[in-house]
Amino acid sequence: MESLLSLFVVVPLLAGAAAAILPWRWARDTLHIAVPALSAVAGGLVFAHTAANGTIAHNIGLFPGGVAIPFAADAFTGVMLVTTGLVAATANWFATANGDTRSQFYPALSQILITGVNGALLTADLFNFFVFIEVMLLPSYGLIAMTGTWSRLASARMFVVINLAASTMLVVGVAFVYSQAGTVNIAALEGAAAGGGPVTVAMGLVIIAVAAKAGVFPVHTWLPRTYPGTSAAVMGLFSALHTKVAVYMLFRIYTTIFDLDDRWNTLIVVVMVASMLVGSLAGLAENSIRRVIAYQMVNGMPFILVVLAFTSGNERHALAAGVLYMVHHMVTVGGLILASGAIEETYGTGLIKRLSGLMRREPLIAAIVAAGSFSVVGLPPFSGLWGKVLVVGAVAEEASWRSWLVIVVIVVASFAALLAMLRVWRKAFWGHPMQDVPENLRIKTRLIWPSLVLIAVSAGMFVFAGPLVEALLTATDGLLDTANYVSAVLGDSAAMGGA
């Protein structure tokens, strides 16, 4: 199994090359849906294997641990491979349905993006994490600007500037880590940033850069200004891949390198509380469906990350709550984005003021948006309820002033998110039927299916919450078992630590 980890990078990379030269659109479309779906299935196999046997690792070229380019996977990695593969396959399905793949290079670029995502999830080396982030970014620039409209070119410009700045800070931080520790291997750096010192300062630069890529306050404003400027399919891809890969690495770094250092708890709480409030309230002022959803993405990041400040008690349950919320957020927001994309593709606009009466005209898409809104807010019968219940439970276990503050802000932010989604519903779905569109104009079924599948997954997560939580607790056990991770990655040189 260990030697097969490189296939997560090799297969989508070769598929991207094939998609770039194949003259048949059906073949390109098949590849860019099948490959991420295959990645999700393989991620499930990785989860099953690592849940039973612990972390697995493979050194590219079979060089010794600490020298090689290492790939490693535990149950947490398996969960992320499954979820990113699922949402990517669904977003690519929507891209095929709405005609984005008429551009020959769309499937190829999406495959290269998935190559970078899988590599970033599997790498056990900070520098190679930077490399795979760049592999993700290069096709992303093309995907954003592919249609060539002025708004999307403007979005691409901001996306490029922000991510180049964050990437520069990331590689500088990695260089500083290497200068102080003599290694950038995550396993060799186990506990190196706990307790302060030069490595902690250097890792601070890495954390800031990764947080910027995750869209965490106060480095978040680029996200709601760039993602809605892309096509809905691209926004669906980005929502599940770019920000969540960054969140995954924040979990990995804070657990392994910072050793869950509780000295940073208050700072984490302050930043996440501000992020919750900004993300939930700012969406009230937006004028398009996808811009409102973009701020729900900003709002979701602190719900995932705030649990890092509450690991001094039951760290297993706290981290599992964050992982559950991350999986829920990827699926639910992806479904909402693709549903809004179906509306835009049919009616030519996503502006709230130009839409009205869609509930009677498009009852199925209205039901999907309503369900997704319930899930984002945390209402049953969808995954958002258990996500927020577990996060609140994990926060409450500490029973401190931080707990009270976070729980109050969670309630306020959830209510503000409800108001934002109600505003979309009241203006776009209620009201009089639109008079300036043909009576027989309806959203085509092929555009509805992708969002319907993701929202159905969210409902399934609510119904099967018991097995799901058990699986995520297993994933958390893999994340917390740093000794197993170090042994798998470094092998015989584990005893040398960071030497």
Side-chain angles (χ1 to χ4, degrees), residues 55 72 74-77 79-80 120-121 123-126 129-130 133 166 169-170 173-174 176-177 181 184-197 199-217 219 243-273 275 300-326 391 394-395 397-398 402 406 472 475-486 489 498:
T55 303
D74 53 20
F76 179 41
T77 312
V79 168
M80 292 300 297
L121 293 175
T123 187
D125 181 277
L126 290 176
F129 174 71
F130 160 75
I133 285 290
M169 179 175 289
L170 176 59
V174 171
F176 282 163
V177 171
V184 288
N185 185 292
I186 295 174
L189 288 168
E190 181 198 16
V199 176
T200 304
V201 177
M203 282 303 305
L205 288 176
V206 174
I207 291 287
I208 293 171
V210 177
K213 291 181 179 292
V216 176
F217 175 88
V219 284
T243 53
K244 302 312 183 295
V245 164
V247 170
Y248 166 86
M249 187 50 68
L250 288 173
F251 268 75
R252 180 73 66 191
I253 288 172
Y254 198 68
T255 303
T256 305
I257 301 177
F258 280 83
D259 195 23
L260 298 174
D261 190 347
D262 60 8
R263 293 179 306 148
W264 304 102
N265 288 355
T266 299
L267 176 62
I268 293 172
V269 166
V270 170
V271 172
M272 296 309 154
V273 161
S275 195
M301 294 300 106
F303 280 88
I304 301 167
L305 293 170
V306 74
V307 297
L308 295 176
F310 296 91
T311 54
S312 55
N314 193 331
E315 59 189 23
R316 183 171 180 252
H317 287 174
L319 292 175
V323 175
L324 173 60
Y325 201 91
M326 176 160 51
V391 169
V395 169
E397 282 196 31
E398 185 178 288
R402 290 191 294 256
V406 171
L472 296 182
T476 301
D477 290 338
L479 178 63
L480 289 170
D481 192 357
T482 54
N484 190 12
Y485 184 85
V486 171
V489 172

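These numbers were taken from a predicted model, which means no experiment stands behind them.
Between Met80 and Val323, the closest side-chain pair of non-hydrogen atoms is not below 4.5 Å. Using a 4.5 Å heavy-atom threshold, the side chains of Val210 and Leu170 count as touching. Annotation: side chain of Leu126 is in contact with side chain of Ile253 (closest heavy-atom distance under 4.5 Å). Phe310 has its side chain within reach of Arg402: a pair of non-hydrogen atoms, C-beta onward, lies under 4.5 Å apart.
Among all heavy-atom pairs drawn from Ala194 and Asp261, the shortest one is CA-OD2, 3.8 Å. Taking each heavy atom of Leu205 and Gly173 in turn, the nearest pair found is CB-CA, 3.8 Å. Looking at every heavy atom in both residues, Asp259 comes nearest to Gly191 through CB-CA, 4.3 Å. Of all heavy-atom pairs spanning Val199 and Ala181, the tightest one is CG2-CB, 4.2 Å. Of all non-hydrogen atoms in Val184 and Val177, the two that sit nearest each other are CG1-CG1, 4.3 Å. The minimum heavy-atom distance between Ala321 and Val307, with the atom names listed, is CB-CG1, 4.4 Å.
Each of Leu121, Leu479, Ile304 was scored for a side-chain contact (heavy atoms from CB on, under 4.5 Å) with Tyr248, with one residue passing: Leu121. Tested against Val79, the residues Thr476, Leu472, Leu324 include a single side-chain contact (heavy atoms from CB on, under 4.5 Å) partner, Leu472. The side-chain contact (heavy atoms from CB on, under 4.5 Å) test with Thr311 singles out one residue from Leu480, Leu260, Asp262, and that residue is Leu260.
Residues satisfying the salt bridge (charged side-chain N to carboxylate O under 4.0 Å, His left out) criterion with Glu315, sequence neighbours excluded, are absent altogether. Scanning for salt bridge (charged side-chain N to carboxylate O under 4.0 Å, His left out) contacts around Asp481 gives an empty result, with sequence neighbours left out. With sequence neighbours excluded, no residue forms a salt bridge (charged side-chain N to carboxylate O under 4.0 Å, His left out) with Asp125.
A distance of 12.0 Å separates NZ in Lys213 from OG1 in Thr243, rounded to the nearest 0.5 Å. Rounding to the nearest 0.5 Å places OG1 of Thr200 at 6.5 Å from CH2 of Trp264. Taken to the nearest 0.5 Å, the CZ atom of Phe130 stands 12.5 Å off from the OG1 atom of Thr123. Going from atom CG of Asp477 over to atom CG of Leu319 covers 10.0 Å, rounded to the nearest 0.5 Å. If you take CD1 on Ile207 and CE on Met249, they are separated by 10.0 Å, rounding to the nearest 0.5 Å.
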**OP:** May I have the step-by-step check of side chain to side chain contact (heavy atoms under 4.5 Å, CB included) for Ile186 and Phe129, ending in yes or no?
**Re:** CA-CA 10 Å; Ile186 295 174; Phe129 174 71; 6.0 Å; no
**OP:** Carefully, step by step, assess Ile208 and Val219 under the rule side chain to side chain contact (heavy atoms under 4.5 Å, CB included).
**Re:** CA-CA 9 Å; Ile208 293 171; Val219 284; 5.7 Å; no
Subject >> side chain to side chain contact (heavy atoms under 4.5 Å, CB included) assessment of Tyr254 paired with Leu305 >> reply: CA-CA 11 Å; Tyr254 198 68; Leu305 293 170; over 6 Å; no
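Under the 30°/60° scheme for interplanar angles, the aromatic rings of Phe76 and Phe251 are found to be tilted.
Proximity of a side-chain donor or acceptor of Tyr325 to a complementary backbone N or O of Met301 within less than 3.5 Å is not detected. Side-chain atoms of Thr77 come within 3.5 Å of backbone atoms of Asp74 as a donor-acceptor pair (strictly under, hydrogens ignored). Put simply, the side chain of Thr256 gets close to the backbone of Arg252: a donor and an acceptor are under 3.5 Å apart.
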